[in-house]
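Step one of this worksheet: look at the structure below.
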Number of protein chains: 2
Amino acid sequence: MQLQTNSSSLQPLVDKLAYRTALGAEDRAAILALPFTVRMMERGQFIVRERDIATNSCLMLSGYSVRSKMTATGNRQIVAIHMKGELVDLQNSMLKVADHSVQMLTPGRIAVIPRDEIIRLTLDRPMVAHAMWIDTLVDASILREWVANVGRRDARTRVAHILCEFAVRLRVGGLATNTHYELPMTQDQLADATGLTAVHINRTLKGLEKEGLIERPNPRAVSIGDWRKLAEVGDFDTNYLHLRENEPALH
Amino acid sequence: MQLQTNSSSLQPLVDKLAYRTALGAEDRAAILALPFTVRMMERGQFIVRERDIATNSCLMLSGYSVRSKMTATGNRQIVAIHMKGELVDLQNSMLKVADHSVQMLTPGRIAVIPRDEIIRLTLDRPMVAHAMWIDTLVDASILREWVANVGRRDARTRVAHILCEFAVRLRVGGLATNTHYELPMTQDQLADATGLTAVHINRTLKGLEKEGLIERPNPRAVSIGDWRKLAEVGDFDTNYLHLRENEPALH
DNA sequence: CGTAGGCTTGAAAAGCGTCAATAGGAGTGG
DNA sequence: CCACTCCTATTGACGCTTTTCAAGCCTACG
């Protein structure tokens with residue numbers, strides 16, 4: 001469903017890349033000049049499925065998406081969550097055969113960019129290539145933290161950790177305040193992201209609530225009662241997110 | 001400990017990058033022209049520690065290393081294993097503050113390359129930048145598989161899976177035959193890589209042995225009795241390794 | 001007003017962890 | 001060449017976190 005080709009739509013990508021790499025006016029203009037089409041996506045809709053041959057990269061314009069993998073026994077593991085300004089499917093399109101699926105968590109808009117145009121851009125403009133590379137390295141850092149989270153932390157710590165990560169990433173992305181955010185995931189999805197079961201997620205969330213660490217005004221929102229304590233319980237340190245040094249801390 | 005500056009030492013890096021990206025003679029020469037120093041490393045020695053400011057990237061010339069993270073409770077999670085030809089610490093050096101440690105699993109030699117020289121090379125030579133980017137993307141793909149392995153597979157499957165991954169990666173790297181390889185990890189280290197305990201690793205390995213799926217001629221070697229079965233038990237598919245299409249399959 | 005998807009809760013089982021003791025093997029020094 | 005030591009592997013018994021199964025509930029929405 002092709003809607004429009006508004007040339008300012010790629011601004012979130014410029015912002016994301018320029019967050020960590022200094023980009024000159026020409027580099028910025030070159031990114032904005034990438035061809036793309038905007039697509040409206042529904043909740044649950046797939047952007048790519050494992051084993052597809054992906055020839056496009058998609059930029060999240062609004063809404064949330066997840067990357068996930070299925071095991072032989074039919075269990076799902078969510079391996080990453082993406083929000084506005086993030087390029088999903090760079091991975092799959094650059095490596096030809098998709099090694100995981102990408103699916104919308106909420107309705108939203110994405111900008112579909114041909115892979116070959118991104119390759120051309122990176123070959124033409126070394127600083128843009130560098131910025132994309134750095135972005136990929138940060139993604140990998142988050143993946144490492146997730147391996148540790150899922151592999152070596154107990155349920156309470158794991159859940160507190162992921163809630164902290166969301167809080168910080170959403171705040172940095174301008175999508176949340178210090179203490180409150182919309183959590184676009186069901187308990188099933190939280191379970192798939194933490195390697196637990198929905199039942200245990202439910203119990204763990206209730207536990208954190210009872211302790212006063214979080215509040216749930218409604219099932220799709222989280223308010224952090226005591227950030228310091230939650231971060232401590234969640235063994236959370238922002239180091240792995242590689243934020244800018246001047247990024248204000250949460251409290 | 002600076003030993004020598006033999007200009008052919010970086011050949012494994014050229015081979016690794018050229019495995020997935022076509023590189024011309026000039027690009028190859030530019031990589032080989034990178035300045036470096038060779039260091040002998042002992043078993044257990046750290047290449048970088050979490051929170052260090054890394055200014056070098058290291059290429060494995062021989063031996064094995066692991067990347068790992070520690071949790072607040074003192075548990076360790078190994079998040080990646082590296083062998084000859086792989087660049088460790090690209091991640092840490094490009095992102096300034098290290099988000100994980102890199103440590104030798106065995107004695108070995110590494111080539112230490114200044115980060116700034118790598119950046120310069122990638123800004124000068126777009127195809128080299130592209131090759132390094134692709135390499136980072138494959139690393140990230142392996143991390144995603146590890147998240148799924150540790151998050152959603154039971155002990156038997158997890159262990160079988162990691163044994164399969166080693167078999168394939170070592171064979172592709174020319175470090176193993178079809179059915180046999182040296183496994184440079186203790187059971188403690190295997191536990192840290194799979195999110196299990198050493199005791200349970202021991203029992204699981206014994207179980208796989210009893211089933212005839214593997215044999216252990218000695219504690220540092222693995223022979224695969226029935227590759228097909230092991231891959232099935234381990235829910236293993238090489239897709240996520242993004243091998244070349246002409247790469248012969250194991251059997 | 002009915003239905004579907006998600007949330008909540010209980011009871012029981014299972015898988016894996018913990019603790020502890022023993023055994024084996026490689027290297028070291030006398 | 002033997003005794004000693006350190007590190008790793010092995011095994012048993014027990015306990016606990018998390019899963020599984022199952023039922024009921026709530027709420028949004030057609």
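All values reported here derive from a predicted model rather than from experimental measurement. Below, chains carry the letters A, B, ... as their sequence lines are ordered, and counting in each starts from 1.
- Across all strands shown, B/Arg220 has heavy atoms under 4.0 Å from sugar-phosphate atoms exclusively, and none from any base.
- Using a 3.5 Å distance cut-off with no hydrogens or angles, the side chains of A/His100 and B/Glu145 do not pair a donor with an acceptor.
- Classification of B/Glu50 and B/Arg67 as a salt-bridged pair fails, no side-chain N sitting under 4.0 Å from a carboxylate O.
- As a whole-Å value, the separation of B/Asn218 CG from D/dT10 P is 11 Å.
- Counting any heavy atom pair closer than 4.0 Å across all strands shown, A/Arg43 reaches sugar-phosphate atoms only and no base atom.
- Using a 3.5 Å distance cut-off with no hydrogens or angles, the side chains of A/Thr186 and A/Asp188 do not pair a donor with an acceptor.
- Heavy atoms of B/Arg216 sit nowhere under 4.0 angstrom from any nucleic acid atom.
- Using a 3.5 Å distance cut-off with no hydrogens or angles, the side chains of B/Arg76 and B/Gln103 do pair a donor with an acceptor.
- One side chain, A/Ser57 or A/Ser93, offers a donor N or O that lies under 3.5 Å from an acceptor on the other.
- Whole-Å rounding puts the A/Asp188 CG to D/dT20 P distance at 13 Å.
- Atom C1' of nucleotide D/dT19 and atom NE2 of A/His200 are separated by 9 Å, given to the nearest angstrom.
- Computed from coordinates, the B/Leu190 CG to D/dT10 P distance equals 12 Å when rounded to whole Å.
- Along DNA chain C, read 5' to 3', the first and last nucleotides having any atom under 4.0 Å from a heavy atom of chain B are C/dC16 to C/dC19.
- Residue order along DNA chain C, read from the 5' end via each residue's closest nucleotide, puts A/Leu205 first among B/Asp154 and A/Leu205.
- Between B/Gln189 atom CD and D/dT8 atom P the separation is 7 Å, expressed in whole Å.
- Salt bridge status for B/Arg144 with B/Asp139: absent, with no side-chain N to carboxylate O gap under 4.0 Å.
- Among the protein residues, A/Gly44 comes within range of no part of the nucleic acid, since none of its heavy atoms lies under 4.0 Å from any strand.
- Counted by atom type alone, B/His242 and A/Asp99 present one or more donor-acceptor pairs between their side chains at under 3.5 Å.
- For the pair A/Glu211 and A/Arg156, the salt-bridge criterion is met [side-chain N within less than 4.0 Å of a carboxylate O].
- Residue A/Arg203 places its side chain closer to D/dT20 than to any other of D/dT20, D/dT8, D/dT18.
- Contact annotation: B/Asn202 reaches the phosphate of D/dT10 (side-chain N/O to OP1 or OP2, under 4.0 Å).
- Rounded to 10 degrees, the angle separating the terminal helix axes of the helix from C/dC1-D/dG30 to C/dG30-D/dC1, each built from five base pairs, is 40°.
- Proximity of A/Leu175 to A/Tyr181: side-chain heavy atoms (C-beta onward) are nowhere separated by under 4.5 Å.
- DNA chain D is contacted by both B/Pro219 and B/Arg152; B/Pro219 maps to the nucleotide lying nearer its 5′ end (nearest heavy atom per residue).
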